[in-house]
Amino acid sequence: MKVAWAGSRETLELSDRMAKLVANDPVFEKFTRPMLGRKELFKNTLRKAAHGWKLIVDLRLTEEEAKWLRLYIDEPAYTDLHWGMFIPAIEGQGTEEQKKKWLPLAQKMKIIGCYAQTELGHGSNVQGLETTATFDPQADEFVIHSPTLTSSKWWPGGLGKASTHALVYARLIVGGEFHGVHGFIVQLRSLEDHSPLPGITVGDIGLKFGNGAYNTMDNGVLRFDHVRIPRNQMLMRVSQVTKEGKYMQSDVPRQLIYGTMVYVRQTIVVDASKALSRAVCIATRYSAVRRQFGSRNGGPETQVIDYKTQQSRLFPLLASAYAFRFVGEWLKWLYMDVKQRLEANDFSTLPEAHACTAGLKSLTTTATADGIEECRKLCGGHGYLVSSGLPELFAVYIPACTYEGDNVVLLLQVARFIVKTVSELGYKQPVGTTAYMGRVATLMQNNCAVRTAEDWLNPGAIVEAFEARAARMAVACGRQLAKFENPEEGFAELASDLVEASVAHCQLIVVSKFIEKLQQDIPGKGVKQSLEILCYVYALFLLHKHQGDFLAVGYLTPKQALLANDQLRTLYSKVRPNAIALVDSFNYTDHYLGSILGRYDGNVYPKLYEAAWEDPLNDSDVADGFHQYVQPILKQKLHSAKL
Ligand SMILES: CC(C)(COP(=O)(O)OP(=O)(O)OC[C@H]1O[C@@H](n2cnc3c(N)ncnc32)[C@H](O)[C@@H]1OP(=O)(O)O)[C@@H](O)C(=O)NCCC(=O)NCCSC(=O)/C=C/CCCCCCCCCCCCC(=O)O
Ligand SMILES: Cc1cc2nc3c(=O)[nH]c(=O)nc-3n(C[C@H](O)[C@H](O)[C@H](O)COP(=O)(O)OP(=O)(O)OC[C@H]3O[C@@H](n4cnc5c(N)ncnc54)[C@H](O)[C@@H]3O)c2cc1C
């Protein structure tokens, strides 16, 4: 099962080596993080990142090994954006000449970059960004400027204190004409003493949610006062500005400027499976350790993992972790396929890539953020201790529902895509993830044929149910939209319904890809069978949770919905014997989990008790402040009988 989760034996072995390299290095200790002050915390993050880079250089780690190393260091840092956005953006939007100049500098970390798109006043609305880049033909330069307070760049990770350069997204103005938002490489700080360059005002935006958590990252604020950069520092693969001041839009779609977001959104889907699997690993192991009630004749109390309510909350999250892992694997393939097509100037699958990355990023991050919180609750009181690992995992994870695109805004992008697909059904055969809409007549006509709970253990029945739900919801929205004279007005009015139809479409993709994964060769005795059970748990859990959709579109009867729930209960009993093996398959070190509740050895109570005394508050029996503020109360003589 470890190989199935890792993707291959090579990846399992490589990631295992990196996990152990980090876990055995005291520099990467994590437990004190939540107690550090902001400056000490950030300095410690810089120290870890520097040590990580030294390991990469000294051990000559490959790019893949380096990625895993930084993942297992498990600390939001400027390197995330340098490697995860600044470099990919240059790779995707730079000309060959620009890549030749900037990529070696970035890959050797001679410069540190961030991705500065969001502003104080605009994040979702990229076309609303206010920073300007005005071409000066006399000097053959762009003048980068922050014309308003709201044009201040705000949020970019690594911007506040670490980065020497930024990829700045700004309104391109040539000869007084606006030509859309484009990316510009701008140096922010001196490479000699790291001081901000003239015209640059840069700093950190301040404390964020949680102790430690994302405060290891210097999300920054940045303003420009007429900062000049050479013309060749506008990324010009998509569009060009000539020396003569002529704007040229190549035949590449302008949306390629958004390409880095598409890339990161697809990485975020696999990241969701990693974050959710960590929380599920902790909650599952602790649920096996924790006993509460149920003692008979003085015997041991019941393991809480054996309670049906615990299983009905925990096992769908376990199934979701695997589901997101597999759909993330497919999404990575889709992204690489689109990337190759783009290199051949084939833009045909760009809309599908955008819709899939946007929709699956939204779906998986929402479910993961909710899932981590559910795992905290599944661990009772001890889940609320920092030493459980869950509060910090939650605090670090939840901005994923916002960054790289607010999850609702992204679902509205999916809605545009499916509405467009429905509107073209009469004359254009849908392909890819919307191919099922080509069978809309059948899907509208045929209802569910399930007669017994067993009938739900049929991939065909599952896929048809999810296809019918998604198709019928999309068609219903299409029909409603047709009633509006102004399509944009209709879209705005029906936005909530459209978002629900988008969720149905995306959940169909996740379920379908899980089923397709099971049709592949999966090594290991009993592994495929275990995954099949999880696949049905995931699908039937969604069907139960969203049964209102399936009933409202008339595809399911109440009886069939009840049969699905009956089957779900049976499936939980089948997951139970393998639950620990399934979470052990994630192959996480205790260091990476950072959780006393999730320890591999299950030695929870002694370690919880031990950890309590390490809290600074326990440095003295009588806490500082007692004598000054409490003792006087205890000693005071009160004359009023009432007090
Ligand atoms: C899409 C918008 C919402 C709107 O776009 P807009 O152009 O204004 O208007 P539309 O009419 O909607 O769109 C026009 C058409 O363009 C199509 N479209 C839109 N977007 C795309 C796209 N991306 N690709 C292709 N096509 C696109 C759209 O469908 C329309 O087509 P049609 O006309 O209908 O046919 C847009 O405004 C938008 O995207 N808003 C969201 C903004 C956003 O996402 N901002 C993100 C900023 S960056 C950020 O948040 C960074 C966060 C980092 C956090 C840390 C992340 C993890 C670290 C990275 C990974 C770590 C790896 C570790 C690496 C290592 O260590 O090695
Ligand atoms: C931890 C973190 C790290 C980040 N890192 C970076 C980075 O490195 N680089 C960078 O450039 N940015 C970064 N960002 C910024 C991030 O990309 C934006 O916050 C994100 O895109 C959301 O945009 P917004 O803040 O403008 O939200 P808004 O769009 O203002 O959202 C506010 C509310 O309005 C709703 N809304 C907005 N538009 C619509 C609409 N059309 N229809 C319906 N509802 C709508 C949203 O759903 C939401 O509920 C980061 C943010 C965070 C939290």
Side-chain angles (χ1 to χ4, degrees), residues 49 52 56 63-73 76-89 92 107 113-129 150 153-160 163 166-169 180-181 205 208-209 213-215 217-220 222 253-268 270-271 338 342 347 349-358 361-362 365 395-417 419-420 488 491-492 495-496 498-499:
I56 290 166
E63 195 176 317
E64 187 67 13
E65 288 168 328
K67 273 182 192 282
W68 283 102
L69 181 87
R70 286 189 287 260
L71 172 83
Y72 285 125
I73 290 171
Y78 66 88
T79 48
D80 289 345
L81 286 307
H82 177 77
W83 296 100
M85 293 202 77
F86 181 71
I87 289 177
Q107 285 156 351
C114 62
Y115 185 90
Q117 177 176 295
T118 304
E119 296 174 355
L120 190 58
H122 293 91
S124 291
N125 180 7
V126 177
Q127 293 307 312
L129 294 176
T150 48
K153 290 300 178 184
W154 189 276
W155 273 114
L159 169 63
S163 291
L167 181 54
V168 177
Y169 283 81
V181 168
I205 62 172
K208 298 167 288 267
F209 187 104
Y214 220 91
N215 289 300
M217 176 75 78
D218 53 327
N219 296 91
L222 167 65
R254 95 175 157 80
Q255 286 82 9
L256 266 190
I257 284 165
Y258 293 148
T260 309
M261 294 185 277
V262 174
Y263 161 71
V264 179
R265 287 169 189 157
Q266 64 91 18
T267 68
I268 286 175
V270 170
D271 291 348
V338 166
L342 293 179
F347 311 115
T349 57
L350 188 58
E352 161 124 306
H354 168 47
C356 287
T357 50
K361 180 269 179 187
S362 176
T365 55
V396 167
Y397 189 78
I398 53 175
C401 298
T402 306
Y403 62 56
E404 285 309 337
D406 165 84
N407 280 355
V408 168
V409 167
L410 293 182
L411 286 173
L412 288 167
Q413 287 292 303
V414 178
R416 283 186 182 284
F417 178 67
V419 162
K420 192 171 180 183
E488 283 309 310
F491 195 91
S496 295
L498 287 161
V499 161

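Counting starts at 1 for both ligands and their atoms, following the listed order.
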Novice: Write down the atom of T118, the atom of P156, and the distance for their closest heavy-atom approach.
Specialist: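 Closest pair (atom of T118, atom of P156, distance): O-CD, 4.2 Å.
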Novice: Do me a favour and list the nearest non-hydrogen protein atom to atom 19 (C) of ligand 1 with residue, atom name and distance?
Specialist: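 Atom 19 (C) of ligand 1 sits closest to the protein heavy atom H354 NE2, 3.4 Å.
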Novice: Kindly indicate whether the side chain of M261, heavy atoms from C-beta on, has any atom under 4.5 Å from the side chain of H354.
Specialist: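 SC-SC contact between M261 and H354 ruled out.
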Novice: Roughly how far, to the nearest 0.5 Å, is NZ of K153 from CG of L159?
Specialist: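 Answer for the CG-NZ pair, L159 versus K153, is 10.0 Å.
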Novice: For G123, is at least one N or O under 3.5 Å away from an N or O on ligand 1?
Specialist: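 No, no N or O pair falls under 3.5 Å.
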Novice: To which protein heavy atom is atom 36 (C) of ligand 1 closest, and what is the distance rounded to 0.1 Å?
Specialist: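 Here the closest protein heavy atom is S124 O, 3.6 Å.
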Novice: Are any non-hydrogen protein atoms located under 4.0 Å from atom 6 (P) of ligand 1?
Specialist: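 Yes, there is one.
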Novice: Going by heavy-atom distance to atom 8 (O) of ligand 1, choose the closest among Q127, Q413, Q255.
Specialist: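 Closest candidate by heavy-atom distance is Q127.
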Novice: What part of V262, side chain from CB on, backbone N/CA/C/O, both or neither, has a heavy atom under 4.0 Å from ligand 1?
Specialist: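 Side chain only.
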Novice: Let me know which protein residues bring a heavy atom to under 4.0 Å of ligand 2; chain then number is fine for ordering.
Specialist: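 Within the 4.0 Å shell of ligand 2, which is judged on heavy atoms, sit L81, Y115, Q117, T118, G123, S124, W155, P156, G157, Y214, N219, P399, T402, Y403, E404, G405, D406, V408, V409, L412.
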Novice: Decide, yes or no, whether a salt bridge links E63 with R70 under the criterion of side-chain N to carboxylate O below 4.0 Å.
Specialist: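 Salt bridge flag = no for R70 with E63.
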Novice: Looking only at heavy atoms, what is the nearest atom pair of V396 and P76, with distance?
Specialist: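 Taking V396 first and P76 second, the nearest heavy atoms are CG1-CG, 3.9 Å.
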Novice: How far is atom 59 (C) of ligand 1 from the closest protein heavy atom, and which atom is that?
Specialist: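 For atom 59 (C) of ligand 1, the nearest protein heavy atom is V264 CG1, 3.9 Å.
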Novice: Under 4.0 Å from atom 15 (C) of ligand 1, can you find at least one protein heavy atom?
Specialist: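 So atom 15 (C) of ligand 1 has protein heavy-atom neighbours under 4.0 Å.
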Novice: Any atoms of ligand 1 less than 4.0 Å from a non-hydrogen atom of W83? List them with their elements.
Specialist: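 Near W83, the atoms of ligand 1 are 64 (C), 65 (C), 67 (O).
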Novice: Have a look at ligand 1 and work out which part of R254, if any, has a heavy atom under 4.0 Å from it: side chain, backbone, both or neither.
Specialist: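 It is the side chain that touches ligand 1; the backbone stays farther off.
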Novice: Quick one: are Y214 and N219 in side-chain contact, heavy atoms under 4.5 Å?
Specialist: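 With C-beta onward as the side chain, the pair touches.
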Novice: Taking only heavy atoms of V409 into account, list the atoms of ligand 1 that are under 4.0 Å away from them.
Specialist: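 Per the distance check, 3 (C).
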Novice: Please check if a non-hydrogen protein atom sits closer than 4.0 Å to atom 66 (O) of ligand 1.
Specialist: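 Looking at atom 66 (O) of ligand 1, one finds that a protein heavy atom does lie closer than 4.0 Å.
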Novice: Would you mind listing which atoms of ligand 1 come within a distance below 4.0 Å of any non-hydrogen atom of Q117?
Specialist: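 Here the atoms of ligand 1 in question are 42 (C), 43 (C), 45 (N), 46 (C), 47 (C).
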Novice: Do W155 and K208 make a side-chain contact, defined as non-hydrogen atoms from C-beta onward lying under 4.5 Å apart?
Specialist: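 Contact flag for W155/K208 side chains = yes.
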Novice: If you count the atoms of ligand 1 from 1 in the order shown, which ones are under 4.0 Å from a heavy atom of Y115?
Specialist: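 Here the atoms of ligand 1 in question are 48 (S).
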Novice: Where is the tightest heavy-atom contact between A89 and L167, given as atom of each residue plus distance?
Specialist: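 For A89 and L167, the tightest heavy-atom pair comes out as CB-CD2, 3.1 Å.
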Novice: Can you tell me how far the OG1 atom of T260 sits from the CD atom of Q117, to the nearest 0.5 Å?
Specialist: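 Those atoms lie 8.5 Å apart.
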Novice: Which residue supplies the protein heavy atom nearest to atom 60 (C) of ligand 1, what is that atom called, and how far is it?
Specialist: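 Protein heavy atom at minimum distance: T267 OG1, 4.0 Å.
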Novice: Heavy-atom distances under 4.0 Å are what count here, so tell me which part of R265 touches ligand 1: side chain, backbone, both or neither.
Specialist: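 Side chain only; the backbone of R265 stays clear of ligand 1.
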Novice: Quick one: which ligand 1 atoms are inside 4.0 Å of a heavy atom on K420?
Specialist: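 Contacts of ligand 1 toward K420, numbered from 1: 35 (O).
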Novice: Should the proximity of Y214 to ligand 1, defined as any heavy atom under 4.0 Å, be assigned to the side chain, the backbone, both, or neither?
Specialist: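 Near ligand 1, Y214 shows its side chain, while the N, CA, C and O stay back.
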Novice: Any nitrogen or oxygen of N125, main chain or side chain, under 3.5 Å from a nitrogen or oxygen of ligand 1?
Specialist: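 Such a contact does not occur with ligand 1.
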Novice: Within this structure, what is the CD1-OG distance for the pair I268 and S362, rounded to the nearest 0.5 Å?
Specialist: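 One gets 11.0 Å once the value is rounded to the nearest 0.5 Å.
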Novice: Relative to ligand 1, is E404 under 4.0 angstrom through side chain, backbone, both or neither, heavy atoms considered?
Specialist: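 For E404, backbone and side-chain atoms both sit under 4.0 Å from ligand 1.
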Novice: What atoms in ligand 1 come closer than 4.0 Å to a heavy atom of K67?
Specialist: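 In order of number, 67 (O).
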Novice: Do me a favour and list the nearest non-hydrogen protein atom to atom 62 (C) of ligand 1 with residue, atom name and distance?
Specialist: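 In this structure, atom 62 (C) of ligand 1 has G84 CA, 4.1 Å as its nearest protein heavy atom.
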Novice: Tell me which part of W155 gets within contact of ligand 1: side chain, backbone, both or neither, using heavy atoms under 4.0 Å.
Specialist: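 Answer for W155: neither.
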Novice: Is there at least one protein heavy-atom neighbour under 4.0 Å from atom 43 (C) of ligand 1?
Specialist: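 Flag for atom 43 (C) of ligand 1 set to true, protein heavy atom closer than 4.0 Å.
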Novice: Using a 4.5 Å cut-off on heavy atoms from C-beta on, say whether the side chain of K361 contacts that of E404.
Specialist: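 Contact flag for E404/K361 side chains = yes.
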Novice: Heavy atoms only: which of Y263, Y258, W68 is nearest to atom 23 (N) of ligand 1?
Specialist: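 Checking each option, the heavy atom nearest atom 23 (N) of ligand 1 is found in Y258.
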Novice: Could you list the atoms of ligand 1 found under 4.0 angstrom from a heavy atom of R70?
Specialist: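 In order of number, 65 (C), 66 (O), 67 (O).
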Novice: What distance separates T357 OG1 from E352 CD, expressed to the nearest 0.5 Å?
Specialist: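 One gets 10.0 Å once the value is rounded to the nearest 0.5 Å.
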Novice: Counting from 1, what ligand 1 atoms have a heavy atom of M261 closer than 4.0 Å?
Specialist: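 Those of ligand 1 that fall under 4.0 Å from M261 are 39 (O), 42 (C), 43 (C), 44 (O), 45 (N), 46 (C).
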Novice: What I'd like to find out is whether the side chain of I398 reaches to under 4.5 Å of the side chain of F209, using heavy atoms alone.
Specialist: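 Result yes, sub-4.5 Å side-chain heavy-atom pair found.
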Novice: Can you report which non-hydrogen protein atom sits closest to atom 56 (C) of ligand 1, along with the distance?
Specialist: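 The protein heavy atom lying closest is Y403 CE1, 3.8 Å.
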Novice: At under 4.0 Å between heavy atoms, which part of L256 makes contact with ligand 1: side chain, backbone, both or neither?
Specialist: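 Near ligand 1, L256 shows nothing, with every heavy atom at 4.0 Å or more.
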Novice: What's the separation between atom OG1 in T349 and atom CG in L342, rounded to the nearest 0.5 Å?
Specialist: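 The OG1 atom of T349 sits 6.5 Å away from the CG atom of L342.
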Novice: Among the heavy atoms of G157, does any lie under 4.0 Å from an atom of ligand 1?
Specialist: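 It does not; every heavy atom stays at 4.0 Å or beyond.
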Novice: Any heavy-atom pair between the side chains of R416 and F491 that's under 4.5 Å?
Specialist: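 Answer yes - side chains close enough.
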Novice: I need the minimum non-hydrogen distance between Y263 and G84, along with the two atoms involved.
Specialist: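 Heavy atoms only, the tightest pair is CE2-O, 3.4 Å.
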Novice: Of all the heavy-atom pairs spanning A116 and A166, show the shortest one and how long it is.
Specialist: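 So the two residues come closest at CB-CB, 4.2 Å.
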Novice: Between S124 and D406, what is the shortest heavy-atom contact and its length?
Specialist: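 The pair with the smallest heavy-atom distance is OG-CB, 4.0 Å.
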Novice: Under a 4.0 Å heavy-atom limit, does L81 contact ligand 1 with its side chain, its backbone, both, or neither?
Specialist: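 L81 to ligand 1: side-chain contact only, backbone stays beyond 4.0 Å.
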Novice: Using 0.5 Å steps for rounding, measure from the CD atom of Q107 to the NE2 atom of H82.
Specialist: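 Between atom CD of Q107 and atom NE2 of H82 there are 8.0 Å.
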